[in-house]
Student: 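Attaching a single structure in C-alpha cells format; questions to follow.
Numbers restart at 1 for each chain; the letters A, B, ... are given by sequence-line order, proteins then strands.
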There are 2 protein chains.
Amino acid sequence: MTASPDPAEPAAPEPARPDPALRLLWRHVVAEDEQPRRGPRQRLSVDDVVDAAIAMADAEGLAGVSMRGLAQRLGLAPMSLYTYVPGRNELVALMVDQVLARRELPPLPDGLRARLETVARVHHAEALAHPWLLDVTGIRPWLGPGAADRYEWQLSAVEGVGLDDVEMDQTVALLVGFASSIAHAEHEKRRAERESGQSELAWWEANAEELGRVMSGREYPLAGRVGQAAGEAYQAASDPARELEFGLARIVDGVLALLATRS
Amino acid sequence: MTASPDPAEPAAPEPARPDPALRLLWRHVVAEDEQPRRGPRQRLSVDDVVDAAIAMADAEGLAGVSMRGLAQRLGLAPMSLYTYVPGRNELVALMVDQVLARRELPPLPDGLRARLETVARVHHAEALAHPWLLDVTGIRPWLGPGAADRYEWQLSAVEGVGLDDVEMDQTVALLVGFASSIAHAEHEKRRAERESGQSELAWWEANAEELGRVMSGREYPLAGRVGQAAGEAYQAASDPARELEFGLARIVDGVLALLATRS
DNA sequence: GCTTGCTCCGTACGCCGTACGGAATATTGT
DNA sequence: ACAATATTCCGTACGGCGTACGGAGCAAGC
C-alpha cells in the first residue's frame with residue numbers, strides 16, 4: 001500500500017478546481033469565452049434570476065426569497081433554477097454583489113472627516129435600502145466585482161492621510177461595521193413595529209402596567225432615569241438616526257486623534 | 001345597529017392584556033403567586049427547556065434549535081413544548097435573557113477608558129461564547145430581567161463622567177454595537193472555515209489562479225496593496241481580534257475627546 | 001445520424017413551525 | 001363523594017422549505 005492516490009479517482013492531480021460560484025460572480029467581466037452551448041437556450045439569464053431575487057428580498061426579506069417562490073415569479077419550475085445557479089447560498093452571494101455593483105459610488109469630498117463619514121453613510125444607506133443585506137451569512141469567502149470595487153473605493157477614502165496599510169483596512173472595517181450595526185438596529189425597530197402592528201410606543205403603553213408590576217422589587221435607578229430621558233428625546237425606545245450621528249462623530253474624532261499624534 | 005361592542009365579546013373593556021411572554025421572562029422575579037394548577041404536574045420546568053435550548057444553540061447554532069430536536073432532547077413529544085413556551089420566538093427571547101442574566105458582571109475598573117473598554121469586552125466575550133446571540137431577531141420589544149440588569153450595569157459605567165442622559169444611552173449603544181459587529185465578523189470567519197473544511201488561507205490559495213484570471217482587466221491598486229499587507233499581517237483575510245483593539249481605541253478616544261471639550 | 005451535454009421539470013425525501021383535537025390527570029365547586 | 005373544569009401530553013396533519021434524482025426533449029459535435 002503506497003501513498004498513491006485513490007485509484008477510483010484517476011491520476012489527475014486535481015489542481016484544486018476553482019469554486020464555480022467565482023466564475024458566476026465575475027460573469028460580466030470574464031464574459032465571452034462563450035462557445036455556443038448544447039441543448040435548448042436558457043429562457044432567462046442569470047441576471048434575470050438575480051434581479052428578481054433582489055426584488056423579492058427588498059419586498060419580503062431574505063427569508064421571503066424561496067427557490068419555489070422565485071421560480072414561480074420567473075415562470076419556471078423550481079428545479080429549473082438550479083441550471084442558473086448552483087444553490088440558494090450562491091444565489092445570495094450573487095444578489096449581494098449585484099447590489100454592491102449597481103450603486104454608483106459618490107465622489108469623495110475633500111477633508112478627511114467628510115470622507116470617513118461618506119464611507120459610513122454610503123454603507124448605511126445601502127443597508128437601509130436593502131435590509132436583507134444584514135441577514136446574509138455564509139457567503140464568505142466568495143468575492144465578486146461589486147465587493148472588490150467597493151473595497152477599492154473605501155480604501156481610496158483613507159489613502160494618503162497618514163495611516164499605514166493595515167490601519168487603512170481596519171479603519172474601513174470600523175466604519176463599515178459601525179454603519180451595519182446602526183442599520184441593524186433600525187431594521188429591528190421597523191420589524192418590531194411591522195410585526196406587532198403597533199408602534200413601539202403603543203406596545204410600551206399597553207405593557208407598562210405589567211412591566212411595572214413585574215419589575216417591582218428590583219431597582220433600576222439609572223435605567224429608569226436614562227431610559228425615560230432617552231424615550232422622551234427619541235419618542236421611541238431607540239433612535240438609530242441619532243445613534244448614527246453620535247457614533248460617527250465619536251469614531252471620526254477617534255481616527256483624527258490618532259493622526260493628530262503623528263503630525 | 002349602534003356602535004356598541006360586539007355582543008359575542010362581553011362588556012369587558014379588554015384592558016390591553018399584557019404580553020404573556022413578559023410574565024415568562026420575569027418568572028423568577030414575580031415567581032410565586034402560585035396556586036397549585038390543575039391537571040398533571042409538568043415533568044420539566046421552563047428553565048429546563050430554556051437551558052437545553054441554549055446548550056443546543058451553543059453546539060449547533062440558532063437554526064439547530066428546532067422544536068422537534070429540543071423536544072427529543074428533553075424526552076417530550078414536540079407539541080408538548082408548547083405547554084412550556086408559546087412558540088419558538090418566545091423561546092429565543094427566554095434564551096437570550098437567560099444568557100444575559102447568568103453572566104456575572106465584573107466590577108467596573110477605575111478610569112473611564114477602562115470602564116468603556118470593559119463594557120465592550122464583556123459584550124464581545126458573550127457574543128463569542130454564544131454566537132447565536134447575533135442571529136437573534138424579532139424579539140423586540142420583549143424586555144427581561146437579564147437585559148434590564150445588563151443595561152443598568154452598562155449605564156453605571158458611564159454615569160457621572162460628564163455625559164447627559166441621552167449621551168449615556170448613545171455611548172452604551174455605540175460600544176455594544178461595535179462589539180457586536182466585531183463578534184459578527186469573527187463568527188463569519190469561523191463559519192467559513194468550518195463549512196468549507198479548509199482554512200481561509202487555503203481557500204485563497206486554491207482560488208488565487210482563477211481570481212487572478214478573472215480580475216485581470218480591472219485595476220485594484222489600493223485593494224491589492226492593502227489586501228496583501230493586511231493578509232500578511234493577519235495571516236488571514238481578516239483579523240477580528242485586531243479590529244477589536246483598533247476600533248475600541250478609536251471609539252474610546254472619540255468619547256474622551258468629547259468630554260475633553262467640556263472641561 | 002448517433003452521441004453528448006444541456007435545459008426544463010415532476011416527483012420525492014427529510015426537514016421546519018405549529019393548529020387542532022383527544023385522552024389522561026389533578027384541582028375546584030357542589 | 002362526585003361532577004365540572006383546567007391542564008399536560010401527544011398523534012396527526014398542513015403547508016412551507018432546499019434540493020437529490022432521473023427522465024424527456026433539444027441543439028451542437030463527431
Student: It should be established whether R88(A) places a side-chain nitrogen or oxygen under 4.0 Å from OP1 or OP2 of nucleotide dT19(D).
Tutor: no
Student: Rounding to an integer number of Å, can you tell me how far E90(B) CD sits from dG17(C) P?
Tutor: 13 Å
Student: Return the set of residues passing side-chain contact (heavy atoms from CB on, under 4.5 Å) with T83(B) (not counting sequence neighbours), or none when no residue passes.
Tutor: Q42(B)
Student: dT19(D) P sits how many Å from Y82(A) OH, rounded?
Tutor: 4 Å
Student: Polar atom pairs between nucleotides 28-30 of chain C and protein, under 3.5 Å, N or O only, would you list them?
Tutor:
| residue | atom | partner | partner atom | Å |
| --- | --- | --- | --- | --- |
| dT28(C) | O4' | R38(B) | NH2 | 3.0 |

Student: Got a sec, which residues hit side-chain contact (heavy atoms from CB on, under 4.5 Å) with R43(A), two or more places apart in sequence or on another chain?
Tutor: L76(A), Y84(A)
Student: What residues from residues 61-80 of chain B pass a heavy-atom cutoff of under 4.0 Å to DNA chain D?
Tutor: R68(B), L76(B), A77(B), M79(B), S80(B)
Student: Among residues 42-51 of chain A, which ones have heavy-atom contacts with DNA chain C below 4.0 Å?
Tutor: Q42(A), R43(A)
Student: What residues form a side-chain contact (heavy atoms from CB on, under 4.5 Å) with A53(B), not counting sequence neighbours?
Tutor: V65(B), L70(B), L91(B), M95(B)
Student: Can you check salt bridge (Lys or Arg N to Asp or Glu O under 4.0 Å) on R213(B) and E210(B), steps first, answer last?
Tutor: CA-CA 5 Å; R213(B) 187 177 316 128; E210(B) 179 71 7; 2.3 Å; yes
Student: Nearest whole angstrom, please: distance from the P of dT18(C) to the CG of L81(B).
Tutor: 11 Å
Student: Could you report the tightest heavy-atom contact between G64(A) and M56(A), atom names first, then the distance?
Tutor: O-CE, 3.3 Å
Student: Looking at Y84(A), I'd like to know whether one of its side-chain N or O atoms comes within less than 4.0 Å of OP1 or OP2 on dC8(C).
Tutor: yes
